[in-house]
Undergrad: 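Provided herewith is a single structure, encoded as structure tokens, for subsequent inquiry.
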2 protein chains.
Amino acid sequence: MDETTSRPDAMPEPETAAALKDIRQTLSQLVGYHLRRASVYDMNGAVAALEPVDARPITMSVLTSIVEQPGRTSADICRMLAIKRANIVGLLQALEARGLFTRRDDPADQRLQRLYPTPEGVAAARQWLHLVQEHENRILSRLSLAERAELRRLLALVWADERAEEG
Amino acid sequence: MDETTSRPDAMPEPETAAALKDIRQTLSQLVGYHLRRASVYDMNGAVAALEPVDARPITMSVLTSIVEQPGRTSADICRMLAIKRANIVGLLQALEARGLFTRRDDPADQRLQRLYPTPEGVAAARQWLHLVQEHENRILSRLSLAERAELRRLLALVWADERAEEG
DNA sequence: ACAATATTGTTATGCAGCATAGCAGTCAAT
DNA sequence: ATTGACTGCTATGCTGCATAACAATATTGT
């Protein structure tokens, strides 16, 4: 750290492309760094993609869960999506107000409200999924179909332990 | 959505493992979903790994940037790490207070403060990197070395466009 | 030469996401 | 019958991150 670092003022070129590559030598060796950058980048696009239908990624995850698994409780969905029970309340209220699902008391256990999608909810879930898929096609345009599948597989392996622990 | 959905009460088994798999049929086809889950899972571990040395992932990224590219300005680092100039102020103040880097006014441009790591800063960056690498070995234990490299490559391709846009 | 525009480091401020703590009602176990 | 666990929910606080604005300085266009 002498030859390269001891140049306080000798740096003619503007801090553009060239500089941006070197710094990633250390950070870019970390999978977690790329994981974070890619995830944030993807999330920004997903939020934008769902904005026209007044939904967010978390909104879509919850509705999709209800559609895919009718009859689950809010606590179930919280466990599946790794969100807190306190934070799903508002999300469900909003979805319910839009008529996208209904609650039915469980006759056998009065604590539970089982959630069932309405036809409108199923349609909305389908539409939202479509929007997100379009976004994914954009963001994954540099990957082949095989690479996309491989990426999905590897990512699933990364957080597989989370499921094993308490999922 | 009839055969399977029209069973409001007939669900004897507890909402455990079996249920958790089906719901992911739709969500799990989305790369972005796994991206998000994996990133959050990884970040939690990274935060925990850096806690003993009183650092956070963003802290480490900033210090590492200074070490890797001595003489850069805070605005440079913000562009590289995609953070806002307003938000790096506190991070730099903390690192400076710990004596991990120093600022030197640029003689040619009085607006700029060029940042240089101290020997302590270099040592800290090395130590923090080591801790994060240990964490990564844990979280990526299910992947072979080749798979880890492939995952890193694919992730880099995902957010490559972000760099291309305004990098 | 000068006016318009841009950049730097910084402060102040607001908001959304997420977590914790606590509640009453209900169920299960011993 | 008591203890513990679970549900849905309210209240609340912290943190991360974004925007807006600032004075000082530099760059550009004409």
Side-chain angles (χ1 to χ4, degrees), chain A residues 11-12 14-16 36-37 39-41 43-44 46-48 50-51 54-62 66 71-97 101-115 166, chain B residues 11-12 14-16 36-37 39-41 43-44 46-48 50-51 54-62 66 71-97 101-115 166:
Chain A
M11 270 197 175
E15 43 277 11
T16 42
R36 169 77 178 173
R37 294 298 297 264
S39 176
V40 170
Y41 183 58
M43 281 292 288
N44 286 341
V47 167
L50 289 172
E51 213 159 60
D54 197 42
R56 288 175 299 153
I58 185 63
T59 313
M60 179 201 163
S61 293
V62 170
I66 296 174
R72 292 286 131 196
T73 68
S74 69
D76 290 338
I77 296 176
C78 285
R79 278 187 289 267
M80 291 186 288
L81 299 179
I83 60 182
K84 303 297 169 185
R85 267 174 305 149
N87 294 329
I88 205 180
V89 178
L91 300 174
L92 288 179
Q93 284 174 346
L95 290 173
E96 190 179 28
F101 81 96
T102 58
R103 316 186 193 220
R104 287 188 229 161
D105 291 342
D106 186 310
D109 189 335
Q110 299 195 354
R111 294 172 301 179
L112 311 183
Q113 301 176 349
R114 303 206 167 269
L115 312 181
E166 43 146 358
Chain B
M11 272 197 174
E15 43 276 11
T16 44
R36 169 76 178 175
R37 295 297 297 264
S39 176
V40 169
Y41 184 57
M43 281 293 288
N44 286 342
V47 167
L50 288 172
E51 212 159 60
D54 198 41
R56 287 174 300 152
I58 186 62
T59 314
M60 179 201 162
S61 293
V62 170
I66 297 175
R72 292 286 129 193
T73 68
S74 69
D76 290 338
I77 296 176
C78 285
R79 278 185 289 267
M80 292 186 286
L81 300 179
I83 60 183
K84 303 296 169 187
R85 290 201 316 277
N87 294 328
I88 205 179
V89 178
L91 300 173
L92 288 178
Q93 284 175 346
L95 290 172
E96 191 179 29
F101 82 96
T102 59
R103 316 183 193 223
R104 285 188 232 162
D105 292 341
D106 186 309
D109 189 336
Q110 299 193 354
R111 292 172 303 179
L112 311 182
Q113 301 178 348
R114 303 206 168 269
L115 312 182
E166 44 147 354

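Here is how names work: the chains are called A, B, and so on, in the same order as the sequence lines, proteins then strands, and each is numbered from 1.
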Undergrad: For B:R85, which residues count as a salt bridge (charged side-chain N to carboxylate O under 4.0 Å, His left out) partner, sequence neighbours excluded?
TA: none

Undergrad: Please give, in whole Å, the distance from D:dG8 C1' to A:L115 CG?
TA: 11 Å

Undergrad: As an exercise, state the distance from CG of A:L91 to CZ of A:R56, rounded to the nearest 0.5 Å.
TA: 6.0 Å

Undergrad: Does B:R79 place a side-chain N or O at less than 4.0 Å from the phosphate oxygens OP1/OP2 of C:dT8?
TA: yes

Undergrad: What pairs with B:V40 under side-chain contact (heavy atoms from CB on, under 4.5 Å), at least two apart in sequence or on another chain?
TA: B:R36, B:N44

Undergrad: Measure the SG-CG distance between B:C78 and B:L92 for me, rounded to the nearest 0.5 Å.
TA: 7.5 Å

Undergrad: Name all residues meeting the side chain to side chain donor-acceptor pair (under 3.5 Å) criterion together with A:Q113; count only those two or more places apart in sequence or in a different chain, and write none if there are none.
TA: A:R103

Undergrad: State which of D:dT10, D:dG8, D:dT19 makes the closest approach to the side chain of A:Q93.
TA: D:dT10

Undergrad: For A:A46, check side-chain contact (heavy atoms from CB on, under 4.5 Å) against everything at least two apart and list the hits.
TA: A:P57, A:H135

Undergrad: What contact category does B:A108 fall into here, base, sugar-phosphate, or nothing, at under 4.0 angstrom with non-hydrogen atoms?
TA: sugar-phosphate

Undergrad: For B:R85 and D:dC22, is the shortest distance between a side-chain N/O and OP1 or OP2 below 4.0 Å?
TA: no

Undergrad: Using five pairs at each end of the helix from C:dA1-D:dT30 to C:dT30-D:dA1 to define an axis, what is the angle between those two axes, to 10°?
TA: 30°

Undergrad: Going by heavy atoms in the side chains, are A:T73 and A:D106 under 4.5 Å from each other?
TA: no

Undergrad: How many Å lie between CZ on A:F101 and C1' on D:dG8, as a whole number?
TA: 12 Å

Undergrad: What is the distance from atom OG1 of B:T59 to atom CG of B:L50, rounded to the nearest 0.5 Å?
TA: 8.0 Å

Undergrad: Return the polar atom pairs (N/O with N/O) between nucleotides 11-16 of chain D and the protein under 3.5 Å, or none.
TA:
residue	atom	partner	partner atom	Å
D:dG16	OP1	B:R56	NH1	2.2
D:dG16	OP2	B:R56	NH1	3.2

Undergrad: When you match B:I83 and A:S74 each to their closest nucleotide on DNA chain D, which lands nearer the 5' end?
TA: A:S74

Undergrad: In whole Å, I'd like the distance from the CG atom of A:N44 to the C1' atom of D:dC17.
TA: 11 Å

Undergrad: Let me know the distance between CD1 of B:I88 and P of C:dA12, rounded to the nearest Å.
TA: 19 Å

Undergrad: Distance check needed: C:dT8 C1' versus B:R72 CZ, whole Å only.
TA: 15 Å

Undergrad: Restricting both atoms to N or O, compile the protein contacts to nucleotides 23-26 of chain C shorter than 3.5 Å, with distance only.
TA:
none

Undergrad: Which value, rounded to the nearest 0.5 Å, describes the distance between B:T102 atom OG1 and B:E96 atom CD?
TA: 8.0 Å

Undergrad: Whole Å only: how far is the CG atom of A:D106 from the C1' atom of D:dG8?
TA: 14 Å

Undergrad: Once side-chain contact (heavy atoms from CB on, under 4.5 Å) is applied, do any residues pair with A:R111, and if so which ones, sequence neighbours excluded?
TA: A:D109

Undergrad: Figure out the CZ/C1' separation between A:R103 and D:dG8, and round it to whole Å.
TA: 9 Å

Undergrad: Of B:L92 and A:K84, whose nearest nucleotide on DNA chain C comes first from the 5' end?
TA: B:L92

Undergrad: List the steps, then state whether side-chain contact (heavy atoms from CB on, under 4.5 Å) holds for B:L81 with B:I88.
TA: CA-CA 10 Å; B:L81 300 179; B:I88 205 179; 6.0 Å; no

Undergrad: Does any part of the side chain of A:I58, heavy atoms only, come nearer than 4.5 Å to the side chain of A:N87, both counted from C-beta?
TA: no

Undergrad: Atom CD of B:Q113 and atom C1' of C:dT10: how far apart are they, to the nearest Å?
TA: 10 Å

